[in-house]
Amino acid sequence: MIPTTTAHAGLSLPVVGFGTYRLKGAGGAEAIEGAIRGGYRLIDSAFNYENEGTVGAAVRAAVAAGTPREELVVTSKLPGRHHAHDAAIATIEESVARTGLERLDLYLIHWPNPGRGQYVEAWEALIEAKERGLVGAIGVCNFLPEHLDRLREATGVLPEVNQVELHPYFPQEEQLAYDREHGIITQAWSPIGRGNDLLEHPEVVRIAQERGATPAQVVLAWAIGRGAVPLPKAASPERQAENLGAVDLLLSGDELAAITALGRPDGRLADQDPARYEEL
Ligand SMILES: NC(=O)C1=CN([C@@H]2O[C@H](COP(=O)(O)OP(=O)(O)OC[C@H]3O[C@@H](n4cnc5c(N)ncnc54)[C@H](OP(=O)(O)O)[C@@H]3O)[C@@H](O)[C@H]2O)C=CC1
Ligand SMILES: O=C(O)C(=O)[C@@H](O)[C@H](O)C(=O)CO
């Protein structure tokens, strides 16, 4: 059993989830079903990943093989081109249909796209989708404090999840503090740096050697230790198990601080500042 964390409206999530970006087709379904068999219960997908069908197939196979459906938190996301109310509702319905499940457990706005000025309308559609039972819980990705404040002022409803880029090169101290203060669970995307040099950083390697863990486990345990829910993606059962093993590694305050110190102002993996970035 993976420990859990709870958001302001009662959503309970395991402290580690599974990313599925680029896991598609038969090989993707096999990898995702293997992840569920190996113990992952939070599965992250998106309309734009074009793999909601694959995720649904893997979930249905895992449930047929004995995993209780109610243990799983199957997630998808609304793309920026469908923020207008009717398009948003149709897209959520399409996401659910693609999975072949009765409903999705968590649905997120993928990017705020503030330049288009429609994320409040999208949020109202997500509130409606939750009221209709299409989705179990609702949240956002890549929202800055100013975007979250705007949702609260306009609707009185705050997201239960904010999924943001978060890894040692981009530790997100202020966003984490805002989310914590408002009972929002921060999920960490690209938590192991999407295959960059992070796992070879001397400080990460030093702590891994001292603790008898792997660099990936250290980086994931750092995210968990700071209260975030990392969503590592891994194709192989070996790496999936390695990453899940991070829940057993409790880092000290000094170790957490040493890794947080690797942060850089320009530490994002790509030029994706949500204040300006547009993704449709
Ligand atoms: N909301 C948003 O805007 C975004 C959300 N996401 C979500 O976050 C998830 C995770 O982010 P992602 O960008 O995939 O990057 P990750 O940081 O999860 O890195 C994935 C890469 O790391 C490799 N890897 C996995 N485990 C290990 C290990 N133990 N040791 C060494 N290498 C390893 C994988 O290889 P291999 O698979 O071959 O094992 C893959 O190349 C996504 O899959 C997606 O679900 C991602 C980006 C943006
Ligand atoms: O993967 C996602 O969820 C995204 O939002 C994309 O922006 C992804 O990070 C990407 O790199 C697209 O080029």
Side-chain angles (χ1 to χ4, degrees), residues 13 16-24 27-28 30-32 34-35 38 40 42-52 54-55 58 73-82 95 104 106-113 119 139-144 147 159 161-170 172 175 185-201 204-205 208 213-224 228-247 249 267-274 276-280:
L13 295 182
V16 177
F18 185 69
T20 71
Y21 183 47
R22 299 213 162 116
L23 289 176
K24 295 165 85 156
E30 200 181 318
I32 297 163
Y40 288 89
L42 168 61
I43 310 296
D44 185 66
S45 178
F47 191 89
N48 272 353
Y49 297 171
E50 298 179 334
N51 70 355
E52 290 164 311
T54 293
V55 167
V73 184
V74 185
T75 309
S76 195
K77 313 190 189 89
L78 179 74
R81 65 186 176 285
H82 295 316
S95 287
L104 283 158
L106 177 61
Y107 209 85
L108 312 174
I109 298 176
H110 204 146
W111 287 90
N113 290 295
Y119 64 79
V140 296
C141 306
N142 304 303
F143 271 48
L144 301 171
H147 306 138
V161 167
N162 188 17
Q163 184 184 119
V164 299
E165 176 172 358
L166 193 157
H167 44 72
Y169 292 155
F170 200 66
Q172 292 269 26
Q175 189 64 57
I185 297 174
T186 304
Q187 294 184 339
W189 61 257
S190 295
I192 49 180
R194 198 178 268 180
N196 67 3
D197 64 355
L198 176 62
L199 301 185
E200 285 115 52
H201 192 286
V204 173
V205 172
T214 69
Q217 288 172 336
V218 167
V219 162
L220 294 168
W222 167 83
I224 298 166
V229 171
L231 304 171
K233 174 262 176 185
S236 70
E238 293 77 19
R239 282 183 172 176
Q240 291 170 5
E242 175 187 339
N243 295 343
L244 203 51
V247 299
L249 178 63
R268 292 185 193 277
L269 294 175
D271 188 16
Q272 291 184 307
D273 178 350
R276 294 188 318 269
Y277 180 67
E278 291 274 311
E279 185 167 303
L280 301 181

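We count ligands from 1, going down the list as the structure has it; atoms in each ligand are counted the same way. Side chains included, hydrogens not; waters and symmetry mates left out as well; all remaining heavy atoms used.
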Check: Angle class for the Y21/Y49 ring planes (parallel below 30°, perpendicular above 60°, tilted otherwise)?
Finding: tilted
Looking at ligand 1, is there an atom of it that comes within less than 4.0 Å of some heavy atom belonging to W111?
yes
Within the 4.0 Å heavy-atom cut-off, what P191 brings close to ligand 1 is both
When distances are taken from atom 13 (O) of ligand 1, the protein heavy atom at minimum range is R194 NE, 2.6 Å
Sorted by chain and number, sequence neighbours left out, salt bridge (Lys or Arg N to Asp or Glu O under 4.0 Å) with E50 holds for K24
Contact region, E165 to ligand 1, non-hydrogen atoms below 4.0 Å, reads neither
*asked:* Tell me whether the rings of H147 and F143 are parallel (<30°), tilted (30 to 60°) or perpendicular (>60°).
replied: perpendicular
Q) Would R194 count as a contact of ligand 2 if the rule is a heavy atom under 4.0 Å away? A) yes
Nearest non-hydrogen protein atom to atom 29 (N) of ligand 1, with distance, is N243 OD1, 2.9 Å
Original post:
Does at least one non-hydrogen atom of E165 fall below 4.0 angstrom from an atom of ligand 2?
Top reply: no
- Query: Looking at atom 41 (O) of ligand 1, would you say a protein heavy atom lies below 4.0 Å from it?
  - Reply: no
Sequence neighbours excluded, the answer for salt bridge (Lys or Arg N to Asp or Glu O under 4.0 Å) partners of D271 is R276
- [ ] Would you check whether K77 reaches within less than 4.0 Å of ligand 1, judged by its heavy atoms?
- [x] yes
Atom 24 (N) of ligand 1: of L23, I192, N142, the nearest heavy atom sits on I192
the protein heavy atom lying closest to atom 1 (N) of ligand 1 turns out to be Q163 OE1, 2.8 Å
For atom 6 (C) of ligand 2, the closest protein heavy atom turns out to be E279 OE1, 3.4 Å
shortest atom 37 (O) of ligand 1-to-protein heavy-atom contact is with K233 NZ, 2.6 Å
Atom 9 (C) of ligand 1: closest protein heavy atom, distance to 0.1 Å, is L231 O, 3.2 Å
shortest atom 13 (O) of ligand 2-to-protein heavy-atom contact is with Y21 OH, 4.2 Å
Report yes if G193 has an N/O atom closer than 3.5 Å to an N/O atom of ligand 1; otherwise report no. yes
the protein heavy atom lying closest to atom 3 (O) of ligand 2 turns out to be Y49 OH, 2.4 Å
All heavy atoms of P274 vs all of R268, minimum pair found to be CD-NH2, 3.6 Å
